Amino acid sequence: MRLHVADHPLITHKLTVLRNEKTPSPVFRQLTEELVTLLAYEATRNVRVSPREIQTPVTTTVGVEISDPKPLVVPILRAGLGMLEGMVKLVPTAEVGFLGMVRDHETLEPTTYAERLPDDLSHRQCFVLDPMLATGGSLGAAIEFLFDRGAVDVTAICLLGAPEGVAHIEKQTAGREVTLVLGALDEKLDERGYIVPGLGDAGDRLYGSAGY
């Protein structure tokens, strides 16, 4: 597993505002979108491209374009939806799938309750969006889901991660082509499985707690 923790003052600044409990949901959503776009630059460093000849106003030249099959972006519902716009702004030709997972607050184990993905992901590069890498259970299950469908490599983009979650993903995905991109690596998990210092429940802060 390749791990990249962002080290950029703009990212750290935006994360500081996200962490603040007084930041309202509209600002939280906007900053999340901006952060994902910044993190996506690093996450797409190894996206597959093909050469393409074009005509400039001066001459012909050879550039590149994103190869087929196009990358697949998979937000983990519901909090991952808040990251989707920032990702597709950077890679507008990517296709989008959805994976619904919920963590049991007692056992901390993930359960898949919905999915909207191609049956065959052979030769696909997949980008998973999940704001918080806490225990690693949900993200790990999502990554395995994609590999079981035939994905060849998976990159996960998270705003924050805990050492426990990183260790879990590294152990679970041993031998796989997996990249983990984090906005920051925090201190630890608390007894409830929340990241410390973290930013609370990302889904609640994005959308409120109605129905949850």
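Quantities reported herein were computed from a predicted structural model and do not represent experimental measurements.
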Colleague: Tell me, with the steps shown, if Lys14 and Leu38 meet side chain to side chain contact (heavy atoms under 4.5 Å, CB included).
Modeller: CA-CA 11 Å; Lys14 292 177 188 294; Leu38 292 172; 4.0 Å; yes

Colleague: Does a sphere of radius 6.0 Å around CD in Glu21 hold more than 12 heavy atoms from other residues, nucleotides or ligands, not counting ones at 6.0 Å or beyond?
Modeller: no

Colleague: Output the distance between atom CZ (Phe28) and atom CD (Glu33), rounded to the nearest 0.5 Å.
Modeller: 13.5 Å

Colleague: Would you give the length of the straight line joining atom CG of Leu35 to atom NE2 of His8, rounded to the nearest 0.5 angstrom?
Modeller: 11.5 Å

Colleague: Is the side chain of Asp186 donor-acceptor paired with the backbone N or O of Lys188 at a distance under 3.5 Å, no angle test?
Modeller: no

Colleague: If you count the non-hydrogen atoms of other residues, nucleotides and ligands that lie under 6.0 Å from CZ in Arg2, is the total more than 12?
Modeller: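 Result for CZ/Arg2: enclosed.
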
Colleague: Might you point out which heavy atoms bring Pro197 and Glu187 nearest each other, and give the distance in Å?
Modeller: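 So the minimum-distance heavy-atom pair works out to CD-N, 4.2 Å.
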
Colleague: Give every donor-acceptor pair under 3.5 Å between a side-chain atom in residues 64-75 and any protein atom, sequence neighbours left out.
Modeller:
unit_1: Ser67; atom_1: OG; unit_2: Val49; atom_2: N; d: 3.4
unit_1: Ser67; atom_1: OG; unit_2: Val49; atom_2: O; d: 3.2
unit_1: Ser67; atom_1: OG; unit_2: Ser50; atom_2: N; d: 3.1
unit_1: Ser67; atom_1: OG; unit_2: Ser50; atom_2: OG; d: 2.5
unit_1: Asp68; atom_1: OD1; unit_2: Lys70; atom_2: NZ; d: 2.4

Colleague: Can you find a pair of side-chain heavy atoms, one from Thr60 and one from Thr56, that are under 4.5 Å apart?
Modeller: no

Colleague: Please evaluate residues Val96 and Val88 with respect to the criterion side chain to side chain contact (heavy atoms under 4.5 Å, CB included), reporting the C-alpha separation (whole Å), side-chain torsions for both, the decisive distance (0.1 Å), and the verdict.
Modeller: CA-CA 9 Å; Val96 179; Val88 297; 4.0 Å; yes

Colleague: Just so I know, are the side chains of Thr44 and Leu90 near enough to count as touching, which here means a heavy-atom distance under 4.5 Å?
Modeller: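 Yes, their side chains come closer than 4.5 Å.
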
Colleague: Val27 vs Gln30, test: side chain to side chain contact (heavy atoms under 4.5 Å, CB included). Steps then yes/no.
Modeller: CA-CA 5 Å; Val27 177; Gln30 180 61 38; 5.7 Å; no

Colleague: Could you check whether any side-chain heavy atom of Met1 comes within less than 4.5 Å of a side-chain heavy atom of Leu180, counting everything from C-beta outward?
Modeller: yes

Colleague: What salt bridge (Lys or Arg N to Asp or Glu O under 4.0 Å) pairs are there with at least one residue in residues 90-101, not counting sequence neighbours?
Modeller: Glu95-Arg124

Colleague: Just distance, no hydrogens or angles: give the donor-acceptor pairs under 3.5 Å from side chains in residues 149-158, sequence neighbours left out.
Modeller:
unit_1: Arg149; atom_1: NH1; unit_2: Pro118; atom_2: O; d: 3.0
unit_1: Arg149; atom_1: NH2; unit_2: Glu115; atom_2: OE2; d: 2.8

Colleague: Does Glu85 pair with Arg29 as a salt bridge, N-O distance under 4.0 Å?
Modeller: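 Salt bridge between Glu85 and Arg29, a charged N being under 4.0 Å from a carboxylate O: no.
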
Colleague: So, taking the atom named CG in Leu10 and the one named CG in Leu15, what distance separates them when rounded to the nearest 0.5 Å?
Modeller: 11.0 Å

Colleague: Let me check something: any side-chain donor-acceptor pairs from residues 161-168 under 3.5 Å, sequence neighbours excluded? List them with distances.
Modeller:
unit_1: Glu164; atom_1: OE2; unit_2: Leu189; atom_2: N; d: 3.2
unit_1: His168; atom_1: NE2; unit_2: Gln172; atom_2: OE1; d: 2.9

Colleague: Counting C-beta onward and ignoring hydrogens, is there a side-chain heavy-atom pair between Leu160 and Leu133 closer than 4.5 Å?
Modeller: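 No - every pair of side-chain heavy atoms lies 4.5 Å or more apart.
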
Colleague: Out of curiosity, Leu206 CG to Met83 CE, how far, rounded to the nearest 0.5 Å?
Modeller: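 Output value for this atom pair is 9.5 Å.
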
Colleague: Does Gln125 reach the main-chain N or O of Arg48 with its side chain, forming a donor-acceptor pair under 3.5 Å?
Modeller: yes

Colleague: Who are the side-chain contact (heavy atoms from CB on, under 4.5 Å) partners of Pro51, not counting sequence neighbours?
Modeller: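 Pro51 satisfies side-chain contact (heavy atoms from CB on, under 4.5 Å) with Val62 once adjacent residues are dropped.
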
Colleague: Can you measure from CD1 (Ile76) to CG (Leu84) and round to the nearest 0.5 angstrom?
Modeller: 12.5 Å

Colleague: Can you tell if the side chain of Leu81 reaches within under 4.5 Å of the side chain of Tyr207, non-hydrogen atoms only?
Modeller: yes

Colleague: So how far is it from Thr179 OG1 to Leu3 CG, rounded to the nearest 0.5 Å?
Modeller: 9.5 Å

Colleague: Is the backbone N or O of Gly86 less than 3.5 Å from a side-chain atom of Thr37, with the two atoms forming a donor-acceptor pair by type?
Modeller: yes

Colleague: Spell out, as yes or no, whether a donor-acceptor pair under 3.5 Å connects the side chain of Arg205 to the backbone of Leu199.
Modeller: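 Flag set: sc Arg205 to bb Leu199 pair under 3.5 Å.
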
Colleague: My understanding is that only residues two or more places apart in sequence, or in another chain, count here; which of them pass side-chain contact (heavy atoms from CB on, under 4.5 Å) with Asp190?
Modeller: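 Here the qualifying residues are Arg192, Tyr194, Val196.
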
Colleague: Check whether any side-chain heavy atom of Phe98 sits under 4.5 Å from a side-chain heavy atom of Leu117, and report yes or no.
Modeller: no

Colleague: Flag the pair Val178 / Ile143 as yes when at least one side-chain heavy-atom distance between them is below 4.5 Å, and no otherwise.
Modeller: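 Yes, their side chains come closer than 4.5 Å.
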
Colleague: Give a yes or no on whether the backbone of Ala174 and the side-chain of Glu170 come within a donor-acceptor separation of less than 3.5 Å.
Modeller: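 No.
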
Colleague: Show the nearest heavy-atom pair for residues Gly100 and Leu77, with the distance to one decimal.
Modeller: CA-CB, 3.9 Å

Colleague: Does a side-chain heavy-atom distance below 4.5 Å link Thr32 with Pro131?
Modeller: no

